[in-house]
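Remarks on the structure that follows.
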Amino acid sequence: MKPLYLAKKLSLVLAIQASLSSYAMAAQTAVDAEQNANNNAAPNNVNNAANTANSSAANDETASAQQTTQDRYIEKMQIIGRSQALNKASGSATLINELALERFKFDDINRVLYSIPGVNIREEDGYGLRPNIGFRGATPERSKKINIMEDGVLIGPAPYSAASAYYFPMTNKMTAIEVFKGPAGIKYGPNTVAGSLNMVTRQVPQVSEGFIDVATGSDGYAKAHGYYGTTINNLGILVEGVHLRAEGFKDLDGGGDTGFEKSDIMTKLRYDLDGEFVDQVFELKLAYAKETSNETYLGLTDEDFSANPNRRYVSSQLDNMDWTHSQFQFNHYISNDDFEVITRVYRNNFDRAWYKINGFKGGAVNRSLQDVLANPNADETNQRFYHILTGEQDSVEEYEKLILGNNDRSYYSQGIQSDLNLNLAFFGFTNQVEAGVRFHQDQIERNHTTDSYVMQNAALVSTGADTLATTTDREKTDAISVYLKDTISIDALDITAGVRGEFIDAKYQNRAAGAQGDYLDKSTRIWLPSLSLFYSLSDHGGLLFGVHEGFLPTSPKQNPLIDTESSVNYEFGGRYNQDDFNIEVIGFFNDISNLKEGCQFSSCGSDNDIEFNGGEVDLYGVELTSDYRFVLNDDIDLPIALSYTYTQSEFKTSFESGFDMWGNVSAGDQLPYLPNHQVSLTFGLTAQTWDINMAIRFVDEMLEASGDGVVLSGVTTKALTVVDMSASYDFDQYGLVYVKADNIFDNQQIVSRRPYGARPSKPQQWQLGYQYRF
């Protein structure tokens, strides 16, 4: 973004923020005047003791006010906020707080989200480096159909221009994970078809505190995590760093590292400014992250998987992902007891290069890697290609050369957003007004190249040919988003009406030599309404209903003939919260008028990024979540939590598609990678100085492709049950020791056969760790 453009947008948003603040204060003043006119004057004989309070009490009051301001600010960093706010939330809302995250000390976001109903996941590398997450049946491929946020800001590399999230924040540094589905998600965009995932980083502490967490484990696993923060007067600072590494659980033919190394460092500065009428918080967040992982898209044949699920063919020996990510975010928060306005200015840069096997050179004979590994004995050609991949035969013919591609990409995502919360009382009714505006810009530049190799003596050897440029383009999006919501409380009924506007201008430019005329400019303008009702049956429970419009934009390079994804989504259910018992049951129905999917390397083994329309689809299901804490005696509790999801899908029309995950679809076919049943059960024993926890999850079988006529038609993954365990003992001032095991019974299955061959779930992994707080 040009500096002048950014300055104009910043000035405009600051003006909007000032207008929102002025409006909030003026509106509240008017309401206060109306209330004061109808109230009796306050008595004149005020207790004089209040005017003679000593300085110590005054200081305590100031400290309390600062804490209240900080608490409100922290709430704005979250979608859901405090757990008691869940009772009347419109839509399905799940909050996993820091205490819950600490129970299992997961590094993998997939393992965290398995406990949330309505979440569908396609695992890939076993460590959660590049998750595939969907909500309520939305395709999980690279999490491209959900909004992924960190501290309330879109965190994907280019959420509008290239929605596939090849970058994902480190789970270790999060203090809360929030999942929001349903009509309340109309606040968050651009994707409203499924829901939003918000991850909350650590806040600057009010007092000096520090933390160290070190661990070692199987497969060369090692972790070092620490932070220190303090506040002196009104100025606070936090520094936090995480480093993870592992040698990997896969066995590369001929030897080699199949692991990863990942680091993240974050700094926050916060200044609190308390005024007579309003309080303010200024916060700056700076972060830098880096990953090097010897990961591949190449899987195995089913036969080889049965013999050794953790084998890796020698043809993937050079595969490597290398990326860096930098983050800037400045927040300004202004509030009093009746309104809040928060403005965020953000910039994220992401540069990545993934060098990996793409396939054979082809020419005289063309076979995709997916076809070779799915049918290695189909004919002599497939057999020969298979033996070259495994290093059992050398490349001889020209078409047997192996092509390795470097998918080199640079992204940025930046913008300014301002959000208002205002409580008003008119005509005896309580109104909670929420409004917001965002100016956002993002871009992706692709500079893809390929090199040719031959297999010789079970090793890849360069042919010496020149590196070829394959894709050189730029996709860029400017977007303005607005939303307005109002919740009106009428006795036991809360009515929430909302609308979101997305105004998107997208540009595509092919930057290859001689392709100057290959470009595309297009615009999208859409309003997305929502309505939800919550009826309180008691102080502890009630019924909810919601309906909202789902939307998913197309990327800048897509032909205008490709329609955006659109749907009308309904939900109905109820929840009950009291003391140590909570339960929520919600049924949902997504009436999709046009389903849109795209082809990326993670799904199709291609970088053409072509999107396809799938017409009408029905998606429906039921989500159940419940938890209860049994008190066994004065010292020991037994917490137990259960979540269950039933999901069903159905194409409503028949059609032929070039999309590798659909093929020739018949009406009634189901969507791929969507299990009908999922169950998560967690329980444990918790005492003052120790705890033991177990997590059991079941994921039903999943289709690899919907219709007929594609390589994986009729193929499914098997149902998978995994048990994780953790235990810890607190030695008080000497720190805490913990042990944990992922997949304690070492149960491995094929989690997918995309893009090239069978991929395993993570095997058993043990960890021993130590934590110290100061």
Side-chain angles (χ1 to χ4, degrees), residues 75 78-101 103 112-119 135-136 176-185 195-196 198 430 432 485 487-496 530-548 569-589 620-632 637-647 677-684 686 693 695-698:
E75 290 292 305
Q78 301 182 209
I79 294 176
I80 301 171
R82 295 166 296 185
S83 58
Q84 51 262 46
L86 297 177
N87 188 39
K88 292 187 177 182
S90 56
S92 174
T94 304
L95 167 65
I96 301 179
N97 60 26
E98 187 174 8
L99 183 61
L101 290 172
R103 288 179 63 191
V112 174
L113 295 179
Y114 273 124
S115 63
I116 299 178
V119 176
F135 298 158
R136 290 186 172 174
I177 303 291
E178 304 171 302
V179 169
F180 219 114
K181 308 181 292 289
S196 298
N198 186 45
T430 299
Q432 183 180 350
K485 287 180 58 181
T487 301
I488 303 174
S489 298
I490 306 175
D491 295 327
L493 179 64
D494 288 358
I495 304 172
T496 302
S530 71
L531 175 69
S532 61
L533 309 174
F534 189 92
Y535 185 80
S536 299
L537 299 174
S538 69
D539 291 338
H540 303 288
L543 302 176
L544 62 89
F545 167 80
V547 57
H548 76 282
N569 304 333
Y570 305 87
E571 66 175 14
F572 176 78
R575 64 171 63 95
Y576 180 85
N577 308 119
Q578 185 175 21
D579 299 329
D580 292 329
F581 176 67
N582 304 282
I583 187 170
E584 178 179 274
V585 181
I586 294 180
F588 64 89
F589 174 69
Y620 53 92
V622 177
E623 302 168 355
L624 179 148
T625 181
S626 180
D627 61 84
Y628 185 76
R629 179 175 292 272
F630 294 92
V631 179
L632 301 183
D637 293 344
L638 195 163
I640 185 168
L642 172 70
S643 71
Y644 168 74
T645 306
Y646 171 76
T647 313
H677 303 277
Q678 295 185 88
V679 182
S680 173
L681 175 65
T682 62
F683 59 92
T686 303
N693 302 286
I696 305 171
R697 73 172 185 273
F698 168 83

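- The aromatic rings of Y620 and F589 lie tilted to each other, with the angle between the two planes from 30° to 60°.
- You'll find the side chain of L544 reaches within 4.5 Å of the side chain of R575, heavy atoms only.
- Here the closest heavy-atom approach between residue V622 and residue F588 is recorded as N-CE2, 3.9 Å.
- Listed here is the closest heavy atom pair of E584 and S92: OE2-OG, 3.5 Å.
- Nearest heavy atoms, Y114 versus S643: O-OG, 4.1 Å.
- The ring of Y646 has its center no closer than 6.0 angstrom to the ring center of Y644.
- Between G684 and R103, the shortest heavy-atom contact is N-NH2, 4.4 Å.
- Closest non-hydrogen pair, T682 versus A695, comes out as CG2-CB, 3.7 Å.
- Between the CG atom in L531 and the CD1 atom in I495 there is a gap of 8.0 Å [rounded to 0.5 Å].
- Interatomic distance, OG1 of T430 versus CD1 of I490, reported as 10.0 Å (0.5 Å rounding).
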* To do: Given side-chain contact (heavy atoms from CB on, under 4.5 Å), test I488 with D494 step by step and report yes or no.
  => CA-CA 6 Å; I488 303 174; D494 288 358; over 6 Å; no

* Asked: For D580 and D627, what are the C-alpha separation, side-chain angles and deciding distance, and is it a side-chain contact (heavy atoms from CB on, under 4.5 Å)?
  -> CA-CA 8 Å; D580 292 329; D627 61 84; over 6 Å; no

* Asked: Taking it one step at a time, do I696 and F683 satisfy side-chain contact (heavy atoms from CB on, under 4.5 Å)?
  -> CA-CA 9 Å; I696 305 171; F683 59 92; 4.0 Å; yes

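- No donor-acceptor pair under 3.5 Å is formed between the side chain of T625 and the backbone N or O of P117.
- Looking at S626, its side chain does come within 3.5 Å of a backbone N or O of N582 through a donor-acceptor pair.
- Atom-to-atom distance recorded for S532:OG and E571:CD is 8.0 Å, nearest 0.5 angstrom.
- For the atom pair S196 OG and K181 NZ, the distance stands at 11.0 Å (nearest 0.5 Å).
- N577 and H540 share no side-chain donor-acceptor pair at under 3.5 Å.
- To the nearest 0.5 Å, atoms CD1 (I177) and CD1 (I116) are separated by 8.0 Å.
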* To do: Could you check F630 against I640 for side-chain contact (heavy atoms from CB on, under 4.5 Å), going step by step and ending with a plain yes or no?
  => CA-CA 8 Å; F630 294 92; I640 185 168; 3.6 Å; yes

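- In the model, T487 has a side-chain atom that pairs as donor or acceptor with a side-chain atom of T496 under 3.5 Å.
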* **Audit row: T686, D637, side chain to side chain donor-acceptor pair (under 3.5 Å) steps and yes/no** => CA-CA 5 Å; T686 303; D637 293 344; over 6 Å; no

* Asked: Going through the distances and angles, do E623 and R136 end up as a salt bridge (charged side-chain N to carboxylate O under 4.0 Å, His left out)?
  -> CA-CA 9 Å; E623 302 168 355; R136 290 186 172 174; 2.8 Å; yes

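- Across every non-hydrogen atom of P183 and V547, the tightest pair is CB-O, 4.0 Å.
- Rounding to the nearest 0.5 angstrom, the gap separating the CD atom in E178 from the CD1 atom in I96 is 10.0 Å.
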